[in-house]
**Student:** 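Got a structure for you, written out below as structure tokens; questions coming shortly.
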Protein chains: 2
Amino acid sequence: MATDCRNCPFKTKATSMLSDCTLEQLSANHLELKLKKGDSIIKQGTYSTNVIFLRTGLAKIHLKGPYSEQIVKMVKAPTYLGLPTTFGSKINQYSVTAVSDAEVCYIDIDVFENILYGNQDFTREIIQEFCKNELESFRRCANRTQKLIRGNMADALLEFSDNIFKSDTFNLPLSQAELANLVDTSRESVSRVLTEFDKDGVIKVNGKEITIVNKKSLIMISQNG
Amino acid sequence: MATDCRNCPFKTKATSMLSDCTLEQLSANHLELKLKKGDSIIKQGTYSTNVIFLRTGLAKIHLKGPYSEQIVKMVKAPTYLGLPTTFGSKINQYSVTAVSDAEVCYIDIDVFENILYGNQDFTREIIQEFCKNELESFRRCANRTQKLIRGNMADALLEFSDNIFKSDTFNLPLSQAELANLVDTSRESVSRVLTEFDKDGVIKVNGKEITIVNKKSLIMISQNG
DNA sequence: AATATTTTGTGATATGCATCACATTGCATA
DNA sequence: TATGCAATGTGATGCATATCACAAAATATT
């Protein structure tokens with residue numbers, strides 16, 4: 001299953017700077033997998049010594065909260081997954097599930113660490129990624145806890161549109177129940193808010209297809225609640 | 001102001017493994033400062049190219065939310081602060097403020113990066129720290145958004161007792177207004193919950209001094225809300 | 001195509017908590 | 001010791017939203 005990493009079209013900035021020799025080492029020590037929407041990539045509570053490279057696709061990071069499953073954030077390729085597990089207890093503390101078809105590479109932690117420490121650019125990229133995530137998590141924390149539902153829903157829609165699909169029209173990759181777990185509300189409220197937004201001419205809802213009609217309004221809603 | 005890092009009694013695991021030569025470099029390139037409770041360590045919106053080592057003391061990490069200041073988490077020495085700033089935009093995206101007297105060292109990012117990349121153990125420690133923080137932030141996210149106020153207050157008290165002061169009796173390092181910003185509630189609710197807990201015999205409140213009388217109850221409250 | 005199962009829409013009701021309002025206490029500074 | 005300002009205690013009220021209870025629609029399964 002190991003393909004040649006030298007020809008991988010999904011390299012990140014840093015990996016594209018790795019030497020052919022290093023990439024050969026990577027090629028020989030990874031497992032490539034094609035996943036379908038809904039497939040589990042990382043499962044909370046299980047043992048793992050692999051770092052996972054999400055080559056293509058979209059996934060949700062989620063974990064058991066005191067009352068229900070909590071979606072912490074959405075991630076899109078290309079990105080590494082599971083570092084906290086492999087650098088920590090080796091027991092996954094959270095789950096990652098594909099919400100679209102996806103391709104992943106399983107890389108053994110030893111190989112990954114080898115490459116990491118032997119390569120300053122790579123180290124730097126990983127650390128910068130961690131830094132970005134930390135800031136993001138701080139901001140999310142402040143936003144999600146302070147904003148009302150309409151504000152959080154607006155944020156979620158804007159993120160899908162701006163960061164993930166980069167289009168005003170997109171298909172919701174999550175059910176309303178999942179959206180509720182992402183936005184910290186009830187399934188019913190998600191439904192109500194979506195129809196509200198539609199009635200107000202802010203978005204157009206057509207099954208799972210969302211079109212952002214009035215982005216300015218959506219941003220306003222995001223800001224005041 | 002630069003003292004000799006070789007004799008610093010506050011080294012972390014990794015820094016204690018640095019060579020004398022490296023530590024000498026560090027000694028020559030850092031600024032040591034003594035801070036009082038309430039002093040600002042990092043100020044959101046300002047420019048910075050320093051990593052900060054919190055040698056002693058307790059601090060809060062906080063940032064402007066859409067409606068009010070949000071305390072994201074409490075940190076205690078020894079720990080590094082400000083990495084996301086120095087590895088990122090160089091503009092602080094959050095504030096850090098001492099909530100006790102504290103000692104800090106300002107280390108220039110170039111020196112820090114030099115030591116970081118030149119030292120596998122150090123890199124590993126920093127990455128592990130990031131991983132720990134990421135997991136913590138996921139858990140906090142799930143807890144804070146799902147639990148009711150009593151549960152979150154219980155969590156905060158348990159954290160002070162178990163992780164920060166390591167004692168059943170401690171002085172609250174935060175005002176009730178700050179606690180509200182940490183626990184995502186109103187100042188009034190903090191007051192009410194504290195008196196509730198006291199009346200129920202779970203804790204004893206004496207001004208700013210808290211004694212955890214019945215830890216089992218507190219854990220129960222943390223778990224069911 | 002027919003049936004089962006999941007997902008979604010929407011009203012009615014209950015409730016946790018924010019907000020307002022003000023009294024009280026503690027702490028600092030003159 | 002007096003005076004002022006900040007921190008805290010506590011009731012009354014209102015509101016956002018969770019929950020319950022179904023109906024309707026969409027999707028999957030046989």
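Just so it is clear, the model here is predicted, and its values are computed rather than measured. Naming convention: chains lettered A, B, ... in sequence-line order (proteins, then strands); numbering from 1 in each chain.
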**Student:** Walking along DNA chain C from 5' to 3', note the first and the last nucleotide with an atom under 4.0 Å from a heavy atom of chain A, and give both.
**Tutor:** C/dT8 to C/dA12
**Student:** Pairing donors with acceptors under 3.5 angstrom, does anything connect the side chains of B/Thr169 and B/Glu209?
**Tutor:** no
**Student:** Go through residues 175-202 of chain B and report each residue with a non-hydrogen atom lying under 4.0 Å from DNA chain D, sorted by number.
**Tutor:** B/Ser175, B/Gln176, B/Arg187, B/Glu188, B/Ser191, B/Arg192, B/Thr195
**Student:** Is the shortest distance from a Lys or Arg side-chain nitrogen in A/Asp155 or A/Arg139 to a carboxylate oxygen in the other one below 4.0 Å?
**Tutor:** no
**Student:** In this structure, how many angstroms lie between the P atom of D/dA18 and the CE atom of A/Met153, rounded?
**Tutor:** 12 Å
**Student:** Run the ring-ring contact (aromatic ring centres under 6.0 Å, His included) test on A/Phe112 and A/Tyr80 for me, step by step, so that the C-alpha distance in whole Å, both residues' side-chain angles and the decisive distance to 0.1 Å come before the verdict.
**Tutor:** CA-CA 11 Å; A/Phe112 186 85; A/Tyr80 292 98; 5.4 Å; yes
**Student:** Can you tell me how far CG of B/Leu172 sits from CG of B/Leu157, rounded to the nearest 0.5 angstrom?
**Tutor:** 7.0 Å
**Student:** Output the residues of residues 203-211 of chain B in contact with DNA chain D, where contact means a heavy atom of the residue under 4.0 Å from an atom of the strand; sort by number or write none.
**Tutor:** B/Lys208
**Student:** B/Ser48 and B/Asn92: side-chain donor and acceptor closer than 3.5 Å?
**Tutor:** no
**Student:** Run the salt-bridge test on B/Arg140 and B/Glu136 with the 4.0 Å N-O cut-off and return the result as yes or no.
**Tutor:** yes
**Student:** Is it true that B/Asp168 and B/Lys204 make a salt bridge, defined as a side-chain N closer than 4.0 Å to a carboxylate O?
**Tutor:** no
**Student:** Does one side chain, of A/Gln44 or A/Gln93, offer a donor that lies under 3.5 Å from an acceptor on the other?
**Tutor:** no
**Student:** Does a side-chain N-to-carboxylate-O contact under 4.0 Å join A/Arg144 and A/Asp184?
**Tutor:** yes
**Student:** Salt bridge check: are B/Glu196 and B/Lys199 linked by an N-O gap of less than 4.0 Å?
**Tutor:** no
